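What you are looking at is a predicted structure, and each value in this text was computed from that prediction instead of being measured. All heavy atoms count here, side chains included; hydrogens, waters and symmetry mates do not. In the text below, chain A, chain B and the rest are named by the order of the sequence lines, each starting its count at 1.
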Amino acid sequence: MSKIPRNFKLLEELEKGEKGLSAESISYGLSNQDDITMTHWNGTILGPPHSSHENRIYSLNIVCGEKYPDEPPKVNFLSKINLPCVDGEGNVVVSQFETLKNWKRSYSMETVLLELRKSMASTSNKKLVQPPEGSTYA
Amino acid sequence: MAALPKRIIKETERLISDPVPGITAYPDEANLRAFTVTMNGPDSSPYEKGIFDLELYLPDDYPMCPPKVRFLTKIYHPNIDKLGRICLDVLKDNWSPALQIRTILLSIQALLASPNPDDPLANDVADDWKKDEPKAIEVAKEWTAKYAKAKE
């Protein structure tokens with residue numbers, strides 16, 4: 001396998017997101033439609049059922065730097081959430097979140113969002129008391 | 001990394017030793033499947049005198065699938081969108097392994113010479129183009145002067 005360059009990987013991810021080919025429980029797209037560098041992205045996660053997140057929609061910011069996908073993206077929640085891997089300002093803490101900590105080039109923004117959702121639904125996290133619905137950081 | 005297929009090595013050598021007029025394409029040192037491309041706007045087109053940067057990548061399946069190409073320089077063209085993605089049949093369904101990097105780049109240059117607003121990618125640009133072609137051509141010229149300047 002050859003190494004797909006950053007921009008072409010991001011174009012593939014964008015296309016997958018635009019065509020709705022990614023998982024139904026998450027979505028993502030460019031924050032700014034004419035950002036030719038494809039750095040800033042919006043993501044959403046639909047709260048998993050049978051958890052305190054059920055029926056909630058969480059918004060996130062994702063930043064794919066110049067070294068993406070050799071380095072993981074920076075991810076932060078805009079919607080307030082109580083989750084062990086998220087700090088008081090909404091940032092997903094790399095050392096607390098396996099997907100970012102042991103990042104692989106083959107991962108994508110979809111992987112990150114789905115893994116966060118999985119963490120929200122995990123036995124230890126699913127009953128955590130959550131901030132009021134609709135509240136945001138900053 | 002797997003060895004580079006002979007076909008890619010041959011194409012690369014020829015691109016450098018016998019370049020297409022008005023086009024340069026060099027492989028990146030760190031990834032020989034990725035190319036940095038420059039393209040001169042065709043004469044008597046709104047892109048005349050512009051020098052456009054593009055990037056090109058040969059996926060693992062090349063030449064069974066087409067190269068991936070995109071403009072890095074902003075360009076006002078009905079078949080090229082805001083992210084520089086190009087709508088061109090030979091980059092999609094009409095690709096054939098008999099085509100090459102150089103033929104694809106020539107097709108892109110030809111697309112600059114003859115925009116096709118009836119098969120648009122950038123819908124707003126295509127609408128402008130169909131409504132008022134002389135005005136659209138003026139805008140394309142302005143963008144060329146503004147964004148596709150020759151490097152000092």
Heavy-atom neighbours of [X] [atom1] exceed 12 at 6.0 Å:
{"X": "Lys9(A)", "atom1": "NZ", "result": "yes"}
{"X": "Lys135(B)", "atom1": "NZ", "result": "no"}
{"X": "Lys127(A)", "atom1": "NZ", "result": "yes"}

Could you state the interatomic distance from [atom1] ([X]) to [atom2] ([Y]), rounded to the nearest 0.5 Å?
{"X": "Ile4(A)", "Y": "Asp60(B)", "atom1": "CD1", "atom2": "CG", "result": "8.5 Å"}
{"X": "Leu11(A)", "Y": "Tyr57(B)", "atom1": "CG", "atom2": "OH", "result": "12.5 Å"}
{"X": "Asn32(A)", "Y": "Lys82(B)", "atom1": "CG", "atom2": "NZ", "result": "8.0 Å"}

Nearest non-hydrogen partners of Phe8(A) and Val69(B), listed with the distance: CE2-N, 4.0 Å

- request: Of all the heavy-atom pairs spanning Asn7(A) and Arg70(B), show the shortest one and how long it is.
  value: ND2-NH2, 3.1 Å

What about [X] and [Y], same hydrophobic cluster or not, with Ile/Leu/Val/Met/Phe/Trp/Tyr joined at side-chain heavy-atom distances under 4.5 Å?
{"X": "Leu46(A)", "Y": "Leu83(A)", "result": "no"}
{"X": "Leu72(B)", "Y": "Ile101(B)", "result": "no"}
{"X": "Ile62(A)", "Y": "Tyr137(A)", "result": "yes"}
{"X": "Tyr147(B)", "Y": "Val125(B)", "result": "yes"}
{"X": "Phe52(B)", "Y": "Trp143(B)", "result": "yes"}

query: Is the shortest heavy-atom distance from the side chain of Gln33(A) to the side chain of Asp81(B) under 4.5 Å?
result: no

field: Residue list, side chain to side chain donor-acceptor pair (under 3.5 Å) with His77(B), at least two apart or on another chain
entry: none

- prompt: Which of residues 83-95 of chain B have a heavy atom under 4.5 Å from any heavy atom of chain A?
  reply: Leu83(B), Arg85(B)

